[in-house]
Amino acid sequence: MRRTVPLSGPDIGEEEVRAVEGVLRSTILSIGPKVQEFERRMAEYSGLRFCVAVNSGTSALMLIMKAAGVKAGDRYLTTPFSFVTSSNILLYENAEPVFVDIDPLTFNMAPRALEERYATDPAKETIKGIVGVDIFAQPLDWDPILNFSRKHGLQVIEDSCEALGSSYKGRSCGTFGIAGAFAFYPNKQMTTGEGGVVVTDDEEIYLLCRSMRNQGRGVAENWLEHVRLGYNFRMDELSAALGVEQVKKLDVFIRKRNTVAERYAKLLAGVEGVRAPVIAPFTTRVSWFVYVVTLAEGIDRDRLIVYLQERGVQSRNYFTPIHLQPFYKERFGYREGMLPITENLSKRTLAIPFYNNLTEEDQEYVVHSLKEGIERFS
Ligand SMILES: Cc1ncc(COP(=O)(O)O)c(C=O)c1O
């Protein structure tokens, strides 16, 4: 029987509904106690001293880049296999990405490739740092990357938007750069509708981000006094109320996601032409953002996506490499062939339905449909 299985979906309970309703009834819709409570809880969860709640993960990263003092002409080593934001945050500052190829098993920037890319760069002095991304909630191999950054005096920015709750050798994602960023779009481990946070131990970065998110107001937050150029990146009270209830349940959510991932791994073990995600030995906890499988060479992934859709199963081609996005090609003259591992994998990766309450029956249906599609399009 045909089923409908979406790619993702939030896990919203009565507690969330009541909390948002409570904000509506309170009439304090912005700059109120819920944002404060959410920030306190997120700082606590991440194990860092400070948190600034904002209206998206992109805004969180934009604030971090500004607080980091990224300047026009600076270049940063980063991954092409990511959501476009991790590179766009450089372009917003008129800085430039220097793309490094990835590890084919973890999909993360490969430390060896990073070293080689740096060593062969003709304008090393313009490379100021690294934007590392913990892709699909898998931590980067941070030790060699941090050692390399120290050796060459490079700044480290971590885009941990997909990795809330994951850890590397026991250390939480979001704690490796000068500040961490988490995002709460409804497909993430937890949601605030739209939203994000900056988390950091650095008080100066914290105060700067706080001020810039709030139109550049100073510490006293006088409404009509602006001490620097700022933005309106504030999170509203409704989103924060939702976030407070979600973060209380986050560890339960991560356990549920783990169960779903384990079931997929078992079901996929018997299917030819598809590889389940590989968890690196240094990953001590994975909070499972999306579930991305890799298809064998020769399977027509894009026709498979259409076939699955016809069967009611939503899937997506995570990711088109950033350097091959139309406006990157136009602006920088990037072309196919520059980053062979990324380019090859990006034609073979497929995100399949994944969310907390995905049922075993639906997972069996997804894998069955995938198997049929693979047989058809090999
Ligand atoms: C790696 C990465 N960085 C940044 C973001 C940006 O987050 P948002 O969509 O909340 O702006 C995302 C969102 O999916 C992401 O996956």
Side-chain angles (χ1 to χ4, degrees), residues 7-10 38 42 46 51-66 68 70 76-93 97 99-100 102 106-109 130-140 142 156-166 168 173-174 176-177 179-199 209 212-213 231-236 239-240 242-243 246-247 257 277 286-292 316-323 325 328 342 346 349 351 354-355:
L7 190 59
S8 65
F38 184 55
M42 287 307 303
S46 61
C51 172
V52 181
V54 290
N55 55 4
S56 72
T58 304
S59 301
L61 286 163
M62 285 175 75
L63 292 182
I64 293 172
M65 297 305 268
K66 288 175 190 304
V70 178
Y76 278 68
L77 297 152
T78 191
T79 175
F81 194 74
S82 174
F83 188 67
V84 71
T85 298
S86 60
S87 177
N88 281 355
I89 52 172
L90 290 160
L91 307 198
Y92 299 142
E93 304 306 317
F99 290 118
V100 173
I102 59 171
T106 64
F107 307 134
N108 269 322
M109 195 156 60
I130 299 169
V131 177
V133 184
D134 305 297
I135 208 67
F136 304 150
Q138 280 237 49
L140 257 175
W142 280 105
V156 177
I157 309 286
E158 181 183 9
D159 177 348
S160 44
C161 279
E162 297 188 356
L164 175 62
S166 286
Y168 170 83
C173 288
F176 293 95
F182 297 118
F184 306 120
Y185 183 74
N187 68 346
K188 294 290 190 301
Q189 291 88 347
M190 56 166 269
T191 189
T192 58
E194 295 285 357
V197 286
V198 175
V199 287
C209 289
M212 287 189 290
R213 114 180 127 178
Y231 309 85
N232 180 357
F233 286 169
R234 293 186 304 262
M235 175 179 276
D236 63 64
S239 297
L242 176 51
Q246 291 264 293
V247 72
R257 296 174 95 76
V286 57
S287 58
W288 292 103
F289 165 43
V290 281
Y291 197 87
V292 177
R316 191 160 289 155
N317 61 325
Y318 276 79
F319 285 112
T320 299
I322 297 176
H323 69 290
Q325 292 288 354
Y328 275 81
T342 299
S346 75
T349 41
F354 190 82
Y355 44 92

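Every number for a ligand or one of its atoms is a count from 1 in the order of the listing.
- Side chain of Ser239 to main chain of Thr192: a donor-acceptor pair is present (N/O by atom type, distance under 3.5 Å, no hydrogens or angles).
- Judged by distance alone, with hydrogens and angles left aside, the side-chain atoms of Ser166 form a donor-acceptor pair with the main-chain N or O of Ala137 at under 3.5 Å.
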Please give the N or O to N or O pairs under 3.5 Å between ligand 1 and the protein, distances rounded to 0.1 Å.
unit_1: ligand 1; atom_1: 3 (N); unit_2: Asp159; atom_2: OD1; d: 3.3
unit_1: ligand 1; atom_1: 3 (N); unit_2: Asp159; atom_2: OD2; d: 2.7
unit_1: ligand 1; atom_1: 10 (O); unit_2: Gly57; atom_2: N; d: 2.8
unit_1: ligand 1; atom_1: 11 (O); unit_2: Gly57; atom_2: N; d: 3.4
unit_1: ligand 1; atom_1: 11 (O); unit_2: Thr58; atom_2: N; d: 2.9
unit_1: ligand 1; atom_1: 11 (O); unit_2: Thr58; atom_2: OG1; d: 2.5
unit_1: ligand 1; atom_1: 14 (O); unit_2: Lys188; atom_2: NZ; d: 2.6
unit_1: ligand 1; atom_1: 16 (O); unit_2: Glu162; atom_2: OE2; d: 2.6

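- Side-chain contact annotation: Ser287 with Gln189, donor-acceptor N/O pair under 3.5 Å present.
- We find the NZ-SG distance between Lys188 and Cys161 to be 6.5 Å, quoted to the nearest 0.5 Å.
- Remark: side-chain polar atoms of Glu162 are paired, donor with acceptor, to backbone N or O of Phe136 under 3.5 angstrom.
- The distance between the ring centers of Phe38 and Phe184 falls below 6.0 angstrom.
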